Structures are given as structure tokens and as C-alpha cells.
Amino acid sequence: MITSLFSDNPILIKHLRTRLRLQQLIPLIIVVVLVSALFCWMGSNAEDKLPAFGFLFSLQCILLFLSGSCQVAGAVAAAREGGQLDFHRISPQSPLAMAVGYLVGAPIRELILFACTIPFMLPFFAIGNPSWMGFGLPVLLLAMLPAAFLWFSVALLLALIVPKPRNVAVLVAIIVAGAHLLFAIPMLQHFTVIPTMISTMVQGASTFGMNRAHSSEDQWIISSFFAIHIPYVILGVLHQLIIGIFCLYAAVRKLGNEQRYPISRSIALLIFGIFSCLLLGDIINPIFNSFFNFTDMANFCLYAILVVAIVLLAICTPGRSEIIKGIRHVKKLGYRAIPAWSDRAPNSLFQIVVTALSALFCFVGITIIYYLRFTSGFNESIDGASMLNDAEFIKMMAASLVTVGTTFFFGASMQYFLLRFRKQGTSYLALMLFFLWLLPLAIALVLTTVFSHSSADVKTFLSLTPLSSIALIITDYGIDIGINLIIAVAVPWLLGIGFFILSLHETRKLTQQSM
Amino acid sequence: MIEVRDLRVDYDEVCAVQDLSFDVPQGEIYGLIGPNGAGKTTTLRAMVGLLEPTYGTIRLNGFDIATHREQAVAHIGFMPDFSPLYEDLTVYEFLDIFASAYKLPLATRAAEIQRYIDLVELTEKRNTMTAGLSRGMKQRLMLAKTLLPSPAIILLDEPASGLDPHSRILLKNILKQQRADGKTVIISSHILSELAEFCTSIGIMERGHMVTSGRVEDVGARVFSEIRYSIELLGDAEKCAELLAADTGVSKLERQENRFVFTFSGDDAAVAALLKQLITADIPVIKFVREVETLEEIFLQIGAREVA
């Protein structure tokens, strides 16, 4: 099975041919080796080896993650635009073999250049300077390869789903660079192994919710997942592999058929479940010490679940033309309606299930966070433990209601706009979200900064948008269980129910027209 | 060999192909004819699985493209209306990657590739980058790529566009050879003269519908409802004219010196009887031919009907 993916893989052969032409490869190898040797020499002459190693490590990251991902995206985009991808689709090779061809073939030059830099890391590791915070060379490489797989898979998927693939390599470069620069934050530590490892080397392990292993010779730094202590690199590699595999799955579906949705609804629910578990497992971390308290955890938990739910709803909500196709298809087969779980069915059932799951994950997450205060490891280490009482728990549950309502509102409104306004639906939806979600924030900002209004007025505006209301309910201890809370909870639910009814009406109208 | 049933393809809310059904038996060269926008390319792309139909079934070599895609495409060679080449590969390398896609045996792979390079007359360009080829050469290379796996079904979308006269003759001869080898070919074009010389069957499409489909002579007969015959004589045209005028099945008789053209409403037995009558009457017949209408005539007739 695995051999068949690599042997006689036309896409792999194509890239091996074009990207390993010696007249282009050898000068690049010489440049990379010379630059790596220069960094190595800098390190040998400096007391603190960290800057020199940082340069070398940055070069490796640029080669492997940035350049490699851009090559994957560029190769797929070019093949998609040029029509070669269609040729591969109609030749007897599996979509998985095509994906492997792009993942291994397109960045093959970068992989070789990366391999050329590895020997120059050995002197640094041999003398143990800089301090590795427990990361040895094998561990570092073990972490880098799944990270490369993750970014290559992301690049492959993006190149297959963006409407205009021409500039997708730039988009991928921005995402990869952005992820390495911005995502080295503790709550996402297991999703971003490399930036976290770099930051940990520079800033210290404890900041990132990790402890050194007891043995100084032990290469593993210990992290936590649902408060269970597990070596960090293993957790990080697992997280990255899971995301990478989902991206690969979606890309394989698109490689098989351009018109397919990248994920089916069942897989979307699986992704939602797994991501929520990973997020909950990550934030329930007693090693965070005083860096985060329970309310920060609750905030992060709710917003993360909301983002994942919105992304999945956006991916799995069909447009008007798709629904019409579905109606015509079932009409031809003699059925009365499209099966509710079909890709071409309106998202009514799907969004109800996503909303229900969102409610489940929010309530479970909040309940776990609430009961963590009784756990010995937590109430000793987290400042907020003493402040968490039953009133705070009710507020967290109210914030969960806003999160779930927002999920429902987004799914219903998106389906309605796509049904009602054809191709302009997405633009009108974005416009509505601007007015409902961003404008109140802007008004609150203006009221605060320009007019110095009282906090009560500002809070009313902040309660209108879930972007701020969730955090406001959880963290603002002065908020009254009054009008603002009612606004925060009622607005998304009422709008959601309204749009849900409208989308059902539009579906019925469309069915009658198409039948 | 090829079976298309109730095919419908929509682009957004525009119907490109509607309830299309046709069959192409093995060994036929089937011309898919129609004006621009008739749905020919959409039909071909749906047939190879690149477009998902709204509904309908497509069976290629017995395999349903929707349910047994990999088995179905293994028997297809598809040449699109433009040439999506990898421009950073040489002619040989380009064919080699597709030879590997179709798992051509390694022992004979190089020889097979060379055979097809020779077939499309690109021998001198074997090691040239495809970016350096002319448009016609690129089309010929695409043809070689299409034929390389020796597919049972060959689908060609506007294959002659960009070809010079010599290359068109080459294409025609290659297709005739493919037919002789038992291959089934579907070729789409709106240039009827391209198809006239080698198509054995045709399907005429207009606005996403199949107006008519079948063997060229059958379609001609259906369209014109009467079958035309021509007779050429060595001499004694007067006696022949009398005999033909007296036959009740003969109408629209036209005479050009020793050549007669007429429509005949009888069946094949009546035609045979007429010929026997002429021979028995010692009329020196040197040609007795059932006239096949040109594709242009058929198409214009159909087009006129559709407009009407």
C-alpha cells in the first residue's frame, strides 16, 4: 500500500525531475552549506551560543516550513490553474497518491537543503550550549518533521480550496510566518511545537506551562493534557499530526473531485469533537501556575469552541446552486426531499447538531474548569481558584449560552444569505456581521476614548456583540445580572431563530420552484 | 462501450447539459457536433469524471464513472481543448510521467514512449522542453499522451484546433488507425469538415440537448426523411431516364448528362429490384450509390429545424 504511493507516482517523479536538476540544486546546496558553516563558526567564537544557533535554526525553519510550504502551494496552484491536475485526476492513481506526490515531491529541494544543515547543529548539541531546556537533537528533529507535514498539508489544502489559486503561495507564506511569530502562546503550545520550543529556549519552560523533567539528562520536557503529565514533544507531535491528517483528508477529497466539499458533515462533527477535546485537554493544565486563572481558561475555552464551530459551519453550508442541484437530483430519483445529512442539503439539521455539540463542549468545559478548584494541584497553583464561586459559575454558563447562541445564529444566517442572495450572499453576510459584531465594538471604543462615557453605556454596546460579550460576562465581576446580560444572551438566540425560520422558508420556496 | 443516460450538468444555476442520452458502440468514431456553448466540452468533462453531474449515469467500458471511477478512467484517454503541459519537462519526460501513471511495464516503457513520439512526428523534439514547442506540436504531444496507455476509449475535445494541414492529416490517419485497432473514439468539434472524413457516428447538440444521434447515414436518413441515390452510366441515358421516371418509388429525379440523382422511397429490396431492372434492360451502369449527406448538410438541416 505505502510502496504503491511512492513507486511510479507521476507527480512525485515530475517534481523529482524538475526540482532536482543539478545545475539549479548544486549552487543552492553550496550557498546553504556556506551560510550554515558561517553560523557554526560564529557559535564557536561566541560565549553565548544561542544567537548563532538561533540563526541556524531560523534558516532551517525558513527552508523547511516557509519555503517548503510555499513550494507545495505553488506547485498545486500552478497544476490546478494550468489544468495538469485534471490530467492526474483522470489517470488511474488514487487521490492519496497525488497528495503524497505533492507533499514529498514539491518541497524535495527544500528537504535536501534542510538535510544539508543538520550536520552543522551537531557542534552546538555536542557542547550543550545553548541550554536546550531538555530538547536534544533527536527530539528537535522529531518535532520538526510532523510540523513540516502539518504546514505542507495546510498549504496543499489551501491551494486546492481558494477560489483563485494564483497567489496562494503568498497566503501560505503569511500563514506560516504568522503562525511562527504569533502563535507561540501558552494556550496553543501543543499546536505550535516549533515556535513554542524556540520561545521556551529563550524564555524558560515554566512560562509555557511546562516543567523540566527531574533528571537533567532526560531530554523530555513535561507538559500536561487534562492534568495528566506527558512529555511535551509527544503531545505536540500528536496535536500536529492530528491537524495535519485532517488537512490531508480534506485535500485528498478535493484532489479526487474539485467540486466536492473538503469535508463531509460527519467528518466535520468528528473534527469538532476532537478539536474540542484537544483544546479542553490543553487548557486544563495545572502547570500554568499563576500565568492564567480559571476565568482566562473559560474565556479561551468558549472562544476556541466558537471559532471551530463557525469554521466548520462555514465549510459545510451549501450555496443555493448546490441545493438546487440536490433537489433536482432527488426529484429525478423520485424522492420528496434531499436527505438532511447530504452535502447538498440545507444545513438545518447539521447546524442544530453543531449547536448541540457546541453546548455540550461548552458546558462540559466550564464544569471541568469549575470543579478544578477542588483539585489539589490547581487550587494551590492558580490565583483565581479562591475567587471562583457559584456566582462566577453561573456567569460562565451564561457566557456559554451566548457562545452556543452565536453558533446557531451564524449557521442560520449563513444558510439564509446563501439561499436568498445567490453569489452575493457571502458579501451580504459579511456586511451584516460587520454591523452586528464589529460596529458595536467600534462604538464602544469611541464612547470610551472620545466621549469618556460611563461604563454602563459602553457595556450595553459591548453586550451586543459576542466578540466582547462572552469575555465581558465571564471576566467583568461588576456586571449586573440584568439588562446587559439579557441583551448578550437574547440577541444571538433571537436572531438565530429568526434566520433559521427564514432559511426554512427559503428552502421550501426553492424546493417548490425546482420541483 | 459508452453509455450515457439522462445526463444533466449545471453550472451554478445554469443548465449546461440537459437529459442527454446516447450510446457509442465499440469501434465507432463518434463526432459530437454543435455550436459553441452547446455543451460538448461539458459532456466530455462529465464523462471523464471531472464534472459531477446533477444526475444521470455514465458507463464506460461497463464501469459507472460515479461508483467505479478508478476502473472507468483506466480505460480512457482524454485530450482537452487546450494543452496543459508541464513546461519544465522535456517531451520525453512529459510522456514518461504519464506512462508511470498508467503503470506501463518498465521493460517496454521507453520503447513505447519513443513509438508515440515518432507517431506524432516529434522525434526531433524528444529532448526539447515543452515550453519551446509550437501550439501544433503541443497538441500533437497531447495526442501522444492521450494514446500512450492504449486506452479503449479516446475522448478528444476540439483536437484539431491549432493544427496545420499536415498535422490534421496526421490526426485523421491516427484516428482511423485507432478505429481499425478496435478503439472507440469520441471527438467534439464545431468545425464539421474536421469530422466529416472519419466519423462513423454523430451526435448533434444544441443548447445542452442532444438533437439527434446515431450512425451518419441513419442520422442523414432521419433528418432528410428520404434517401438519395445516384447512378452513373457509360451511355444510353435516355432508356435509363424512361425507366426511372416510370418507377413509382423514384422522385426528384435530376439528370446531369450520364448521371442521375433521385430520391427513392422504397426499402432495400425495392432498391435491389430497381438495380436489377436496369441491368436486365442492358443499361451500362458503372455506379449505383446511396448518397450520404455531408455533415454540413445534416447540421444545417437540424439547425434550421431547431430554429423553426
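Chain identifiers are assigned alphabetically (A, B, ...) following the order of the sequence lines, protein sequences preceding nucleic acid strands; residue numbering begins at 1 within each chain. Just so it is clear, the structure is predicted and the values come from calculations on it, not from any experiment.
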Can you tell which part of [X] gets under 4.5 Å to a heavy atom of chain B, answering side chain, backbone, both or neither?
{"X": "A/Glu258", "result": "neither"}
{"X": "A/Arg17", "result": "side chain"}
{"X": "A/Ile324", "result": "side chain"}
{"X": "A/Ser7", "result": "backbone"}
{"X": "A/Lys14", "result": "both"}
{"X": "A/Asp86", "result": "both"}

Contact winner vs chain B - A/Arg89, A/Gln93, A/Arg260, heavy-atom pairs under 4.5 Å: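 Max contact count across the listed options: A/Arg89.
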Under a 4.5 Å heavy-atom cut-off, does chain A meet the side chain of B/Leu51, its backbone, both or neither? both
When the 4.5 angstrom heavy-atom criterion is applied to B/Pro151 and chain A, the contacting part is neither
In Å and rounded to the nearest 0.5 Å, what is the CD1 to CD distance from A/Ile11 to A/Gln84? 10.5 Å
How about [X] and [Y]: are their ring centroids closer than 6.0 Å?
{"X": "B/Phe94", "Y": "B/Phe98", "result": "yes"}
{"X": "A/Phe499", "Y": "A/Phe417", "result": "yes"}
{"X": "A/His329", "Y": "A/Tyr335", "result": "no"}

Among B/Ile76, B/Leu85, B/Leu106, single out the residue with the greatest number of heavy-atom pairs under 4.5 Å to chain A. B/Leu85
Tell me, out of B/Tyr102, B/Tyr86, B/Phe78, who's got the most heavy-atom pairs with chain A below 4.5 Å. B/Tyr86
So B/Lys40 and B/Asp81, salt bridge (Lys or Arg N to Asp or Glu O under 4.0 Å) or not? Walk me through it. CA-CA 11 Å; B/Lys40 307 184 295 292; B/Asp81 54 349; over 6 Å; no
Salt-bridged, B/Glu52 to A/Lys325, with N to O below 4.0 Å?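 No.
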Please answer whether the main-chain N or O of A/Pro318 pairs with a side-chain N or O of A/Arg344 as donor and acceptor at a distance below 3.5 Å. no
Under a 4.5 Å cut-off applied to non-hydrogen side-chain atoms, are B/Arg109 and A/Asp8 in contact?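 Sidechains of A/Asp8 and B/Arg109: in contact.
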